[in-house]
Amino acid sequence: MSGSENDDRYPRSKLRTFGAWIALAITLLFLAHACLGTLRQFWPNIPSSLEWLVWVGVGLIGVHVVLAGATTYAMWTDTVRPPSERKKQHQIKKWVTGGILLLAAIFHQLWLGHGIWTQLIMALTAVALCVHLFTSMKSLTRDLGLSKAWRTPARTFVIALTVLICLALLVLVLPVLLG
């Protein structure tokens, strides 16, 4: 039996399901923020009254980190279904990519409005988001309980949108870096 079939035989814990919904909310907020921020780079006069949502996202990120820590601990100490080395490595990748994304987001906030650094850090943050989503989307779609038929389209949509954001930011940053 493959890993994903085996995982679907066991119900997800309520903690993991709740964490998945928090992660989905963060994903949607990050994507909306990235799309609007990218548009604002092309059209600086776009009106905005949604800045307060960033702080909602910050709060959700805090909850996400705590829940991820709890679920990681539960998985690594599970004596009934101990994790394979592959699952442990995947969990480590999620923590590393999430940590890099968090650092990039902090730098993005610190250098907001400082010319080329803002654009460069935005591009790096978008790339970090893309990598973290690429690493985590399979687990997220499973934890949300999406049917197997919807998992790949959902992952593809989110990752494609993130890649488009990265490309749009590269279009902004490259002329400044090359000029």
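Numbering starts at 1 and runs along the sequence shown.
The shortest side-chain heavy-atom distance between Pro83 and His90 does not fall under the 4.5 Å cut-off. Side-chain contact between Gln91 and Trp76 is present, with heavy atoms from C-beta onward closer than 4.5 Å. Residues His132 and Met137 are not in side-chain contact: their nearest non-hydrogen atoms beyond the backbone lie 4.5 Å or more apart. Annotation: side chain of Trp150 is not in contact with side chain of Thr141 (no heavy-atom distance under 4.5 Å). Between Leu129 and Leu31 there is a side-chain heavy-atom pair separated by less than 4.5 Å. Side chains of Ile26 and Ile61 form a contact here, defined as non-hydrogen atoms less than 4.5 Å apart. With a 4.5 Å cut-off on side-chain heavy atoms, Trp21 and Asp143 do not count as touching.
Remark: the backbone N or O of Ala104 is paired with a side-chain donor or acceptor of Thr125 at under 3.5 angstrom. For the pair Ser136 (side chain) and Leu133 (backbone), a donor-acceptor distance under 3.5 Å is absent.
In this structure, NZ in Lys148 is found 8.5 Å from CZ in Arg142, a value given to the nearest 0.5 Å. Atoms CG and CG, on Leu53 and Leu28 in that order, are 11.5 Å from each other to the nearest 0.5 Å. To the nearest 0.5 angstrom, Asp78 atom CG is 12.0 Å from Thr71 atom OG1. Here the CD1 atom belonging to Ile22 is positioned 4.0 Å from the CZ atom belonging to Phe18, to the nearest 0.5 angstrom.
Note: the hydrophobic cluster containing Trp55 does not contain Phe30 (ILVMFWY, side chain heavy atoms under 4.5 Å, direct or indirect links). The hydrophobic cluster containing Met75 does not contain Leu15, counting ILVMFWY residues as joined when their side-chain heavy atoms lie under 4.5 angstrom apart, directly or transitively. By the rule that hydrophobic residues join a cluster once side-chain heavy atoms approach within less than 4.5 Å of another member, Trp95 and Val66 end up as members of separate clusters. Follow the hydrophobic side-chain contacts under 4.5 Å out from Leu102 and you never reach Ile92; the two are in separate clusters. In the hydrophobic clustering of this structure, Leu36 groups with Ile121; members are Ile, Leu, Val, Met, Phe, Trp, Tyr whose side-chain heavy atoms approach within less than 4.5 Å, directly or through other members.
Taking each heavy atom of Ala25 and Leu60 in turn, the nearest pair found is CB-CD1, 3.9 Å. Counting all heavy atoms, side chain and backbone alike, Gly19 lies closest to Leu67 at CA-CD1, 3.7 Å. Contact detail for Pro82 and Thr79: the closest heavy-atom pair is CD-O, 3.8 Å.
Other residues, nucleotides and ligands contribute at most 12 non-hydrogen atoms within 6.0 Å of the NZ atom of Lys93.
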Practice prompt. For the pair Lys138 and Arg151, evaluate side-chain contact (heavy atoms from CB on, under 4.5 Å) and give the outcome as yes or no after the intermediate values.
Written response: CA-CA 7 Å; Lys138 185 175 182 181; Arg151 287 181 191 170; over 6 Å; no
Fill in: Leu140/Thr27 under side-chain contact (heavy atoms from CB on, under 4.5 Å): CA gap, chis, key distance, verdict
CA-CA 10 Å; Leu140 177 61; Thr27 301; 4.3 Å; yes
